[in-house]
Amino acid sequence: MLVRNGRQTLPACLASVRPLAPWIYEWVFLDTGSDDSTPDYLRAEIPEARVLAVPWPGHFATARNQLLAEVSGPWLLMLDADEALAPESLPVLQQLLSKEPSGPEALACLRLDHDSNGDVFQWTFLHRLFAQDPALHFVGAIHERPCLQPGERMPTQIRPDIVIRHQAERSMPPVKAKQYLNLLDWARQHEPSPLMDFYRLIHPDTVASQSAERRLQQLQQVFAQSLQGPPSGQTLPGWMPAPLAELLLEIQQLQVALGQHHHLIAEWPHSTAAAVVYAESWVLYGDVLRRQHRLAAAETAYLNALDPYYSAADPGGGWQSWRPLQALAQLAAQQGQPLASASYAWQARHSAPDRSIPSPDLMLPELLQRLASLSTTALNRQDPEGALYWASHYLVHHVERQILWQAWQAAALHHHQATPILAALLHLLWPETRAQIPLLPALSPDRPGDPVLPRLQQALLPGQIRPRLSLHTAAGVDPQRIMALLAPVTPCEHDAPDGWHLLVSEAATDPPPAWLQQLQLLSALPPGRLDIFVWQSAGCHLRLIPCHLRNSNTPGIEVRLNP
């Protein structure tokens with residue numbers, strides 16, 4: 001660990017690491033000039049630790065390399081004094097540290113930046129765990145990165161299951177901001193790359209001193225340089241491209257502010273081909289399309305922002321939840337679709353912090369009256385399916401939504417109870433229609449092809465519905481036994497139109513309980529675009545695949561899970 005004046009944050013950091021003590025070969029701290037008794041605290045807290053003192057070299061890679069020269073052992077875990085390992089990551093780390101590394105490798109861990117209120121306002125993947133190698137060293141005066149030989153980046157594994165919590169402020173203290181800026185300017189002069197130019201262009205001093213037009217032009221140049229690769233005489237990782245998703249978001253925000261909507265739309269195909277964009281970018285793109293009355297394309301953009309495949313630059317900003325939902329509500333109202341508008345508005349309000357979303361103007365009493373009228377009319381026509389459809393919409397948008405959700409849960413888990421539950425829902429809306437209830441046995445969900453429960457499912461909010469899970473087993477595997485093990489997951493035997501496929505290619509032994517727990521949690525989430533989860537051990541092999549990837553040539557990202 002590199003430390004300087006970390007006395008206030010070190011107790012939490014060290015406490016988070018102590019569960020790894022059986023796997024820790026040595027503790028090494030490199031203090032670069034503390035004046036708050038940090039070295040004394042470390043020696044008292046960890047008597048076996050080596051606490052070294054060196055002057056600050058003015059270059060982060062140099063400081064990291066000085067630390068590397070002092071450590072040994074197969075694995076190297078680097079933390080800053082204001083960071084702490086998340087407790088849920090400890091079992092993963094214990095399993096990793098119990099094995100010898102197979103070769104040089106860096107693990108990029110997920111670092112969450114927490115403000116003073118504990119809210120996450122930013123996240124990134126940072127190299128924090130390394131397989132020790134004699135050639136390992138760092139380059140870069142700031143935003144340093146690991147490498148092996150000149151021009152050879154260290155193989156990196158992205159590990160979102162290793163989480164580091166970082167205590168930070170949303171804006172740097174003035175003294176620290178000045179030091180950062182000086183180091184950044186030095187790096188741009190002596191170690192030029194688009195990465196350094198990007199961080200200089202988004203610095204508050206640059207934002208305050210340059211016009212938006214000038215910054216936009218320079219950011220676009222950085223984008224082009226990042227795609228071109230290193231110029232002659234420069235190599236990775238000394239020369240580094242800018243983070244494209246973040247860079248694109250900055251460009252788009254400036255284009256919107258300057259009214260350059262046509263440029264944003266024209267450049268969008270090129271932008272999405274170059275990088276996996278942030279959810280914010282999809283929302284901005286959708287807003288521009290909606291202003292130009294390209295409503296179908298705008299709807300697609302907002303729905304993409306809700307896709308878990310696209311992360312958010314600001315995880316707490318609602319860009320993957322209430323903001324695109326609110327935009328979809330406005331879009332549906334613009335298209336003359338009051339029911340869809342109300343549904344999206346309801347979801348947005350219940351996804352957003354109270355302070356973040358204005359009072360809705362889409363849930364008007366007239367809308368509820370219209371829903372009640374539609375459902376009553378359907379019932380009078382002896383169309384209980386239609387009546388239930390409109391009634392469930394009414395309940396979703398009225399005070400009885402929780403009753404509807406509980407009813408659906410019960411109906412999904414106990415099909416034989418579905419008919420009386422549906423009858424109770426109808427009676428809840430129309431107490432005077434007891435005579436109509438005998439119509440309901442014809443709607444039994446046990447009847448093949450019955451449309452009632454699917455319609456009820458459609459009426460519920462998408463975020464409240466567990467995705468469908470179809471089961472496929474190899475020859476020799478008993479599907480009934482597998483379904484019995486997966487009872488909490490409630491798989492269906494036939495192909496689902498969306499949701500998940502569970503492929504069981506081998507099951508000589510029952511899946512361990514830890515596998516089943518992971519499967520239950522994952523199958524309750526909407527699948528992303530490239531998700532493939534694999535559980536494999538001797539005698540058992542499970543694979544969870546989104547329906548749209550099955551029988552598809554689309555490459556998936558496999559994540560291997562074990563107990």
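Side chains are part of it too, since the values below use all heavy atoms of this structure and drop only hydrogens, waters and symmetry mates.
- Taking the six-membered ring for Trp and the full ring otherwise, Tyr310 and Trp282 have centroids separated by under 6.0 Å.
- Residues Ala15 and Pro19 approach most closely at O-CD, 3.5 Å, considering heavy atoms.
- Residue Tyr180 qualifies as enclosed at atom OH: its count of foreign heavy atoms under 6.0 Å is above 12.
- The aromatic rings of Trp123 and Phe125 stand perpendicular to each other, their planes meeting at an angle above 60°, with 30° marking the opposite boundary.
- Using modelled atom types, no side-chain atom of Glu105 and backbone atom of Gln157 make a donor-acceptor pair closer than 3.5 Å.
- Side-chain contact between Leu284 and Leu249: present, with at least one pair of heavy atoms (C-beta onward) separated by less than 4.5 Å.
- Between the side chains of Thr32 and Arg4, no donor N or O sits under 3.5 Å from an acceptor N or O.
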- Run the side-chain contact (heavy atoms from CB on, under 4.5 Å) check on Leu227 and Leu244 step by step: do they pass? CA-CA 9 Å; Leu227 295 183; Leu244 293 181; 3.9 Å; yes
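- The closest side-chain donor-acceptor pair between His59 and Glu191 falls under 3.5 angstrom.
- A donor-acceptor pair under 3.5 Å links the side-chain atoms of Arg50 to the main chain of Glu70, judged by distance alone.
- Annotation for Pro324 and Tyr302: closest pair CB-O, 3.7 Å, computed over non-hydrogen atoms.
- Arg145 places a side-chain N or O within 3.5 Å of a backbone atom of Gly238 that can act as its donor or acceptor partner.
- Nearest heavy-atom pair, Leu68 versus His137, reported as atom, atom and distance to 0.1 Å: CD1-CA, 3.9 Å.
- Within the 4.5 Å cutoff, the side chain of Pro101 has no heavy atoms near those of the Phe130 side chain.
- Rounding to the nearest 0.5 Å gives a distance of 9.5 Å between CD of Gln122 and NE2 of His166.
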- Query: Between His270 and Phe223, is a side-chain contact (heavy atoms from CB on, under 4.5 Å) present by the stated rule, with each step listed?
  - Reply: CA-CA 11 Å; His270 179 52; Phe223 181 75; 3.8 Å; yes
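- Counting heavy atoms from C-beta on, the side chains of Met154 and His127 never come closer than 4.5 Å.
- Proximity of a side-chain donor or acceptor of Asp82 to a complementary backbone N or O of Gly6 within less than 3.5 Å is not detected.
- Using a 4.5 Å heavy-atom cutoff, the side chains of Gln179 and Trp56 are not in contact.
- With hydrogens and angles disregarded, no donor-acceptor distance shorter than 3.5 Å links the side chain of Trp239 to the backbone of Gly229.
- The distance from atom CE of Met1 to atom OG1 of Thr38, rounded to the nearest 0.5 Å, is 10.5 Å.
- Remark: Gln8 CD is loosely packed, at most 12 non-hydrogen atoms of other residues, nucleotides or ligands lying under 6.0 Å away.
- Under the ring pair (Phe, Tyr, Trp, His ring centres under 6.0 Å) criterion, Tyr199 pairs with His143, sequence neighbours left out.
- Counting only heavy atoms from C-beta outward, the side chains of Cys540 and Trp535 never approach each other to under 4.5 Å.
- The CD atom of Glu246 lies 5.0 Å from the CD1 atom of Ile202; values are rounded to the nearest 0.5 Å.
- Considering every non-hydrogen atom in both Val277 and Ala245, the closest pair reads CA-CB, 4.4 Å.
- Of all the heavy atoms in Cys13 and Ala81, the pair that sits closest is CB-O, 3.6 Å.
- Rounding to the nearest 0.5 angstrom, the gap separating the CG atom in Asp119 from the CG atom in Asp314 is 10.0 Å.
- For the side chain to side chain contact (heavy atoms under 4.5 Å, CB included) criterion with Pro194, the lone passing option out of Gln221, Gln228, Gln225 is Gln225.
- With rounding to the nearest 0.5 angstrom, the CE atom of Met240 is 13.5 Å from the CG atom of Asp197.
- When side chains are defined from C-beta on, Asp287 does not count as touching Val256, because their heavy atoms never get closer than 4.5 Å.
- Judged purely by atom type and a 3.5 angstrom limit, Arg215 uses its side chain to pair as donor or acceptor with the backbone of Leu201.
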- Task: Give the C-alpha distance, both sets of side-chain angles, the deciding distance and a yes or no for salt bridge (Lys or Arg N to Asp or Glu O under 4.0 Å) between Arg323 and Glu280.
- Result: CA-CA 9 Å; Arg323 290 183 191 272; Glu280 288 95 324; over 6 Å; no
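- Salt bridge Asp80/Arg64: present, at least one basic N to carboxylate O contact under 4.0 Å.
- In this structure, Leu14 and Tyr41 have side chains that are in contact, with non-hydrogen atoms separated by less than 4.5 Å.
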- Give the C-alpha distance, both sets of side-chain angles, the deciding distance and a yes or no for side-chain contact (heavy atoms from CB on, under 4.5 Å) between Val534 and His541. CA-CA 8 Å; Val534 178; His541 187 177; 3.8 Å; yes
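- A salt bridge links Glu88 with Arg165: the closest approach of a Lys/Arg side-chain nitrogen to an acidic carboxylate oxygen falls below 4.0 angstrom.
- Looking at Arg7 and Asp40, no side-chain N of the basic residue comes within less than 4.0 Å of a carboxylate O on the acidic one, giving no salt bridge.
- Arg159 is not listed as a side-chain neighbour of Leu129, based on a closest heavy-atom distance of 4.5 Å or more.
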- Message: Before you tell me yes or no, could you show the steps for Arg543 and Ser505 under side-chain contact (heavy atoms from CB on, under 4.5 Å), namely the whole-Å CA-CA distance, both residues' side-chain angles and the distance that decides it to 0.1 Å?
- Response: CA-CA 8 Å; Arg543 188 176 293 251; Ser505 55; over 6 Å; no
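- The minimum heavy-atom distance linking Ala279 with Trp319 is given by the pair CB-O, 3.7 Å.
- The CG atom of Leu264 sits 7.5 Å away from atom OG of Ser271, with the distance rounded to the nearest 0.5 Å.
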